[in-house]
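Taking it in order: structure first as structure tokens, then the write-up.
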Amino acid sequence: MRKLILVKYASEIFLKGQNRGKFERKLKDNIKHVLDGLEYEFVMDMNRWFIYSENLEEAADRIKKVFGILEICIVKEIEADMEEIKEAALEYVKSTESDTFKVEAKRANKAFPMNSMEVNREVGAYILSKDEDIKVDVNSPQCKVNIEIRQKAYVYEKRIKAAGGLPYGMNGNTMLMLSGGIDSPVAGYCMARRGVELNCVYYHSHPYTSERAKEKVKDLAKILSFYTGKVKLYVVPFTDIQMNIIEKCREDELTIIMRRFMMRVACKLAEDNGLQSVTTGESIGQVASQTMEGLVVSDDVSDRPVFRPLVAMDKTDIMDMARQIGTYETSILPYEDCCTIFVPKHPKTKPRLQDIRKSESVLDVDKLVAEAIENVEIYDL
Ligand code: ATP
Ligand code: MG
């Protein structure tokens with residue numbers, strides 16, 4: 001008898017038709033990737049995936065973070081034999097100290113001589129005969145005894161909610177604008193969870209933003225890489241661009257023009273590196289630059305889709321998610337970012353596209369973008 005982790009993946013993967021095999025292979029690779037360094041065995045039983053490891057808890061903790069997995073269950077593996085099944089079921093029910101129970105058997109192995117209903121009945125009767133205090137409750141039992149009968153049989157001990165989503169790497173790629181704030185790492189997580197491969201860009205305003213601010217962004221990219229495997233971080237020197245804007249443009253338009261430059265650089269880097277889209281952590285109405293007008297004016301300079309997975313989320317919900325995925329504590333470290341340094345006193349909240357284009361015409365936009373990109377630093381994290 002041994003315990004295994006049963007891996008249940010998203011039902012969306014079943015709907016992929018001819019591509020299902022590809023999704024499954026990717027998911028398997030991603031599971032193997034997170035288990036790197038642990039001794040484990042991948043066990044297949046009639047299309048179900050199980051993982052065996054001496055270090056089951058650690059393995060479960062890692063596997064539940066893999067995108068595309070809906071649920072993992074810790075199960076006891078026994079022979080597909082009624083006596084063994086009954087004993088394992090009884091032992092499980094006892095361990096939960098419940099007053100009521102229900103047996104839910106699934107028989108995938110049609111060679112097994114009893115059908116699911118018969119197994120339910122016989123196991124239920126056995127438990128009742130061994131424990132005088134317990135009762136059956138089919139509607140809301142305190143303890144559900146899940147049994148799967150395949151080549152072997154499995155009795156569930158614990159069900160653990162996993163990350164959900166789709167296998168990382170199966171849905172194209174994006175350039176995530178990653179600041180040191182709370183929002184953008186969460187936005188990156190949301191995209192990655194849907195299978196989109198992440199690359200990150202950070203705009204660094206040396207010496208106005210410190211080395212520590214850059215380190216913080218690297219740390220955030222590293223936290224994201226727990227979920228995704230290695231991510232590339234492009235650090236773009238942004239001071240020249242900002243100085244030019246400050247020198248030549250109206251104060252109340254600084255932020256929106258700066259955001260257009262961020263967008264241009266992200267798009268150019270995406271183009272140079274074969275990336276299909278851009279992602280930001282913006283949420284509608286959150287700050288002065290995130291009005292509908294502001295977003296429209298920044299998108300004007302983008303030549304590819306811009307995704308804002310947090311657009312309709314409240315800040316408190318974003319913060320909860322940041323805590324859940326483990327980026328919050330790093331995000332709230334107090335190192336300034338380039339936006340907070342160059343904030344106008346009264347930023348325009350309803351910029352007009354024509355006005356902004358006109359204001360910008362005094363800048364040598366192409367040259368500024370090209371120079372920033374020439375001096376980019378790249379990290380593999
Ligand atoms: P965040 O918490 O992600 O920093 P925010 O609420 O502070 O977001 P802004 O500072 O207006 O909002 O930034 C909006 C988005 O622009 C960010 O979510 C991020 O995607 C991008 N961004 C802002 N500053 C930077 C930067 N220095 N480098 C890279 N991307 C940035
Ligand atoms: Mg920010």
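If you read the sequence from its start, that first residue is 1, and numbering goes on from there.
- Here the side chains of Met263 and Asp299 are in contact, with some heavy-atom distance below 4.5 Å.
- Separating the CD atom in Gln151 from the CG atom in Asn109 is a distance of 5.0 Å, to the nearest 0.5 Å.
- In this structure, the separation between CG on Leu56 and CD1 on Ile63 is 8.0 Å, given to the nearest 0.5 Å.
- Taken to the nearest 0.5 Å, the OG1 atom of Thr100 stands 5.0 Å off from the CG atom of Asp137.
- Note on Leu6 and Leu70: separate hydrophobic clusters, where clusters join Ile, Leu, Val, Met, Phe, Trp and Tyr whose side-chain heavy atoms are under 4.5 Å apart, directly or indirectly.
- The two atoms that bring Leu310 and Gly281 nearest to each other are CD1-O, 3.9 Å, heavy atoms only.
- Judged purely by distance below 3.5 Å, without hydrogens or angles, the side chains of Asn244 and Lys248 pair a donor atom with an acceptor atom.
- Annotation for Ala266 and Met177: closest pair CB-CE, 4.1 Å, computed over non-hydrogen atoms.
- Arg62 places a side-chain N or O within donor-acceptor distance of the main-chain N or O of Asp36, the cut-off being under 3.5 Å.
- Relative to the six-membered ring of Tyr379, Lys218 meets both conditions, a distance below 6.0 Å and an angle of at most 45° to the axis.
- We find the CD-CZ distance between Gln276 and Phe307 to be 9.0 Å, quoted to the nearest 0.5 Å.
- Tyr189 approaches Ala163 most closely through the heavy-atom pair OH-CB, 4.2 Å.
- Under 4.0 Å is where a charged nitrogen must lie from a carboxylate oxygen, and between Lys3 and Glu77 no such pair does.
- Tested against Met262, the residues Arg259, Arg264, Arg260 include a single side chain to side chain contact (heavy atoms under 4.5 Å, CB included) partner, Arg259.
- Between the side chains of Ser205 and Thr239, no donor-acceptor pair is found at a separation under 3.5 Å.
- Tyr227 places a side-chain N or O within donor-acceptor distance of the main-chain N or O of Ile325, the cut-off being under 3.5 Å.
- A side-chain donor from one of Tyr9 and Glu24 sits under 3.5 Å from a side-chain acceptor of the other.
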**OP:** For salt bridge (Lys or Arg N to Asp or Glu O under 4.0 Å), just list the numbers for Asp252 and Lys345, CA-CA rounded to whole Å, side-chain angles, deciding distance to a tenth of an Å, and then say yes or no.
**Re:** CA-CA 7 Å; Asp252 61 352; Lys345 275 190 222 71; over 6 Å; no
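- Legend: residues meeting side chain to side chain donor-acceptor pair (under 3.5 Å) with Gln290, ordered by chain and number and at least two apart, are absent.
- Formation of a donor-acceptor pair under 3.5 Å by the Ser225 side chain with backbone atoms of Thr228 is not found in this model.
- By the criterion of side-chain heavy atoms lying less than 4.5 angstrom apart, applied directly or through intervening Ile, Leu, Val, Met, Phe, Trp or Tyr residues, Met82 is grouped together with Ile127 in one hydrophobic cluster.
- No donor-acceptor pair under 3.5 Å is formed between the side chain of Lys135 and the backbone N or O of Glu132.
- For Ser210 (side chain) and Ala213 (main-chain N/O), a donor-acceptor pair under 3.5 Å exists by modelled atom type.
- Taking the ring centroids of Tyr40 and Tyr52, they lie at or beyond the 6.0 Å cut-off.
- Contact detail for Ala221 and Leu381: the closest heavy-atom pair is CB-CD1, 3.7 Å.
- Gly188 and Leu176 get closest at one heavy-atom pair: CA-CD2, 3.6 Å.
- Remark: the backbone N or O of Met313 is paired with a side-chain donor or acceptor of Ser283 at under 3.5 angstrom.
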Original post:
Could you go step by step and tell me if Glu41 and Arg2 meet the salt bridge (Lys or Arg N to Asp or Glu O under 4.0 Å) rule?
Top reply: CA-CA 12 Å; Glu41 183 191 335; Arg2 60 180 182 173; 3.5 Å; yes
Subject >> Verdict with supporting geometry, Glu253 and Ile356, side chain to side chain contact (heavy atoms under 4.5 Å, CB included) >> reply: CA-CA 7 Å; Glu253 293 176 349; Ile356 300 298; 3.8 Å; yes
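- Annotation: Lys315, atom NZ; neighbour count of heavy atoms from other residues, nucleotides and ligands within 6.0 Å is above 12.
- A salt bridge does not link Glu71 to Lys161: none of the charged nitrogens lies less than 4.0 Å from a carboxylate oxygen.
- Residues Ser331 and Leu220 have side chains in contact (heavy-atom distance under 4.5 Å, counting atoms from C-beta outward).
- Side chain of Asn115 to main chain of Glu118: a donor-acceptor pair is present (N/O by atom type, distance under 3.5 Å, no hydrogens or angles).
- A distance-only check finds no donor-acceptor pair linking the side chain of Asn199 to the backbone of Leu233 [under 3.5 Å].
- A donor-acceptor contact closer than 3.5 angstrom links the side chains of Thr279 and Thr174.
- Side-chain atoms of Asn173 never come within 3.5 Å of backbone atoms of Val196 as a donor-acceptor pair (strictly under, hydrogens ignored).
- Looking at Thr349, its side chain never comes within 3.5 Å of a backbone N or O of Ala288 through a donor-acceptor pair.
- Among all heavy-atom pairs drawn from Ile134 and Leu128, the shortest one is O-CD2, 3.5 Å.
- Sorted by first then second residue, the ring-ring contact (aromatic ring centres under 6.0 Å, His included) pairs that include residues 130-167, not counting sequence neighbours, are Phe50-Tyr154.
- The neighbour count for Lys222 NZ, taken as heavy atoms of other residues, nucleotides or ligands under 6.0 Å away, does not exceed 12.
- The NZ atom of Lys358 sits 10.0 Å away from atom CZ of Arg352, with the distance rounded to the nearest 0.5 Å.
- Geometrically, Arg20 does not engage Phe23 in a cation-pi contact, judged by NZ or CZ lying under 6.0 Å from the ring centre and within 45° of the ring axis.
- Counting heavy atoms of neighbouring residues, nucleotides and ligands inside a 6.0 Å radius, atom NZ of Lys8 exceeds 12 of them.
- Using a 4.0 Å cut-off between a side-chain N of Lys or Arg and a carboxylate O of Asp or Glu, Glu91 and Lys76 qualify as a salt bridge.
- At most 12 non-hydrogen atoms from other residues, nucleotides or ligands lie less than 6.0 angstrom from NZ of Lys232.
- Salt bridge absent: Lys152 and Glu84 never bring a charged side-chain N and a carboxylate O closer than 4.0 Å.
- Here the CZ-CG distance, from Arg193 to Leu166, works out to 9.0 Å after rounding to the nearest 0.5 Å.
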**OP:** Would you please test Val235 and Lys214 for side chain to side chain contact (heavy atoms under 4.5 Å, CB included) and show each step?
**Re:** CA-CA 8 Å; Val235 176; Lys214 183 163 104 185; 3.8 Å; yes
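- In Lys102, the NZ atom is crowded: over 12 heavy atoms of neighbouring residues, nucleotides or ligands sit closer than 6.0 Å.
- A single hydrophobic cluster is not seen to contain both Ile78 and Leu4; linkage of ILVMFWY side chains at heavy-atom distances under 4.5 Å, directly or through other members, places them apart.
- Taking hydrophobic clusters as Ile, Leu, Val, Met, Phe, Trp and Tyr residues chained together by side-chain heavy-atom distances below 4.5 Å, Ile223 shares a cluster with Tyr328.
- Residues Arg323 and Asp320 are paired through a salt bridge, judged by an N-O separation under 4.0 Å between the basic side chain and the carboxylate.
- Transitive grouping of hydrophobic side chains (ILVMFWY, heavy atoms separated by less than 4.5 Å) keeps Val311 and Val306 in distinct clusters.
- With ring centers used as reference points, Phe238 lies 6.0 Å or more from Tyr208.
- Ionic pairing of Asp272 and Lys268 is present here: one or more N-O contacts between side-chain nitrogen and carboxylate oxygen are shorter than 4.0 angstrom.
- A salt bridge is defined here as a Lys NZ or Arg NE, NH1 or NH2 lying under 4.0 Å from an Asp or Glu carboxylate O, and Arg212 with Glu215 fails to meet this definition.
- Using a 4.5 Å cut-off on side-chain heavy atoms (C-beta onward), Leu178 and Pro185 make contact.
- Judged purely by distance below 3.5 Å, without hydrogens or angles, the side chains of Arg150 and Asn47 never pair a donor atom with an acceptor atom.
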